[in-house]
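These values consider heavy atoms only, across backbone and side chains, with no hydrogens, waters or symmetry-generated copies. Each chain gets a letter, A, B and so on, in the order the sequences are listed, and its residues count up from 1. In this text, all values refer to a predicted model and were calculated from it rather than measured experimentally.
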There are 2 protein chains.
Amino acid sequence: MTTDIDIQWVAVLKALAHSTRLQIVMELLKGTKCVTDIHDLLPASQANISQHLTILRHAGIVDFTQKGAQRCYFIRCPELVTGILALLKEDPPLLGKKRISCCSAEAAVGEENR
Amino acid sequence: MTTDIDIQWVAVLKALAHSTRLQIVMELLKGTKCVTDIHDLLPASQANISQHLTILRHAGIVDFTQKGAQRCYFIRCPELVTGILALLKEDPPLLGKKRISCCSAEAAVGEENR
DNA sequence: GCCGCATATAAGAATATTCGAATATTATTT
DNA sequence: AAATAATATTCGAATATTCTTATATGCGGC
């Protein structure tokens, strides 16, 4: 049942599902940056940043252009990334700890539970 | 700096970044289902489905109401989940393999950084 | 109480991720 | 060609995830 599309989706979500990579992506949304720039901004080693960028690139989220010895990384799909971040940002109430009683019609069949 | 928000976001993304869990979530978007229902729909063991549901619940994505011995699981934040899925669905061209040459806004980065 | 159903949890092996350290590669400058 | 700067890759250990098997828990009916 796992379609090719699913696999791509999972790869994208997995690539974003890491604190350092999410921060890299957020920085790149502000503008193209080379590895050193990112290294200066985030608390991770150069090698580690490079590894994360490779993962993001394989997921299709970033790409780079070469400028001399530098590689200028940029987000390939800003709408996708900003969209996902906007949804996450928007939804804190839903992600909160409080229980929301189910609004779904089906569950309303009578007794409430705890 | 890894903020609390980041951690929550990463938890949500990580929870969605698995084929089986993504399929569970897509099924639940169609309507509330109990564990057995999901088990009948997906190729995974009951124990495994239950484990994945626990992960989704801890991430705040699903919750359940109890009906006798059954637990009726539902999506707690349908807007968030449908939103993310819609973005992923929408963006296949961006996730494709083709190289996009840089739009060169980055040229400004130039010499001023070390 | 006991039974059967629905679901959860524990334990453990297999596998995958993460990250640091060291090294390699590539491009530029001298 | 050598030195240097920017970045990537390899290796290995620590840690985390995934999944299976077996067992446990909770619920309703008898």
Side-chain angles (χ1 to χ4, degrees), chain A residues 1-2 6-7 10-24 27-28 32-59 62-74 106-107 109-114, chain B residues 2 6-7 10-25 27-28 32-59 62-74 102 106 109-114:
Chain A
M1 284 311 233
T2 313
D6 281 331
I7 292 170
V10 168
V12 171
L13 291 169
K14 207 186 285 190
L16 294 176
H18 184 283
S19 177
T20 301
R21 290 196 293 270
L22 202 55
Q23 289 177 268
I24 290 174
E27 289 299 336
L28 290 182
T32 299
K33 288 180 178 62
C34 71
V35 180
T36 308
D37 293 337
I38 300 170
H39 180 214
D40 290 343
L41 287 165
L42 302 183
S45 69
Q46 176 270 317
N48 194 227
I49 299 277
S50 187
Q51 289 165 337
H52 285 309
L53 283 168
T54 299
I55 291 171
L56 287 168
R57 190 160 52 82
H58 285 151
V62 307
D63 204 351
F64 63 84
T65 57
Q66 194 121 13
K67 268 191 92 181
Q70 297 191 135
R71 291 190 170 183
C72 303
Y73 279 85
F74 61 93
E106 146 295 332
V109 189
E111 71 271 37
E112 209 50 59
N113 48 291
R114 42 150 189 88
Chain B
T2 312
D6 281 330
I7 292 170
V10 168
V12 171
L13 291 168
K14 206 186 285 190
L16 293 176
H18 185 285
S19 178
T20 300
R21 290 197 291 270
L22 203 55
Q23 290 178 268
I24 289 174
V25 157
E27 289 299 335
L28 289 182
T32 299
K33 287 181 179 60
C34 70
V35 180
T36 308
D37 293 337
I38 299 169
H39 181 215
D40 290 344
L41 287 166
L42 303 182
S45 68
Q46 177 269 317
N48 195 225
I49 298 277
S50 187
Q51 289 165 337
H52 285 308
L53 283 167
T54 298
I55 291 170
L56 287 169
R57 190 160 53 82
H58 285 149
V62 307
D63 203 350
F64 63 84
T65 56
Q66 195 120 13
K67 277 187 83 176
Q70 296 191 134
R71 290 189 170 184
C72 302
Y73 279 86
F74 61 93
C102 181
E106 118 289 343
V109 180
E111 341 296 342
E112 87 283 354
N113 47 347
R114 71 228 63 122

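- The interatomic distance linking B/Gln70 (CD) with D/dT25 (C1') rounds to 16 Å, in whole Å.
- The NE2-P distance, from B/His58 to C/dA8, rounds to 11 Å in whole Å.
- The shortest distance between the side-chain N/O atoms of B/Tyr73 and the OP1/OP2 oxygens of C/dA6 is not below 4.0 Å.
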Polar pairs (N or O, both sides) under 3.5 Å between protein and nucleotides 25-29 of chain C?
none

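- Legend: residues meeting side-chain contact (heavy atoms from CB on, under 4.5 Å) with B/Lys33, ordered by chain and number and at least two apart, are B/Glu27, B/Leu28, B/Lys30, B/Asp37, B/Ile38, B/Leu41.
- Between A/Gln46 and B/Ser50, the residue anchored closer to the 5' end of DNA chain C is B/Ser50, taking for each the nucleotide with the nearest heavy atom.
- For B/Ala11, there are no side-chain contact (heavy atoms from CB on, under 4.5 Å) partners at least two apart in sequence or on another chain.
- Remark: B/His18 engages no residue in a side chain to side chain donor-acceptor pair (under 3.5 Å) (not counting sequence neighbours).
- Residues that satisfy the side-chain contact (heavy atoms from CB on, under 4.5 Å) test with A/His39, not counting sequence neighbours, are A/Gln46.
- Atom CG in B/Leu22 sits about 13 Å away from atom P in D/dT18, given to the nearest Å.
- Distance check: B/Ile49 CD1 to B/Cys34 SG gives 11.0 Å after rounding to the nearest 0.5 Å.
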query: When every nucleotide of nucleotides 11-21 of chain C is labelled 5' to 3' by its protein contacts under 4.0 Å (heavy atoms), B for base, S for sugar-phosphate only, - for none, what sequence of letters results?
result: B-----SSBBB
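- We find the OG1-CG distance between B/Thr20 and B/Leu42 to be 7.0 Å, quoted to the nearest 0.5 Å.
- Taking the side chain to side chain donor-acceptor pair (under 3.5 Å) definition, one finds that B/Gln51 meets it with B/Asn48, sequence neighbours left out.
- Going from atom CG of A/Asp63 over to atom OG1 of A/Thr32 covers 11.0 Å, rounded to the nearest 0.5 Å.
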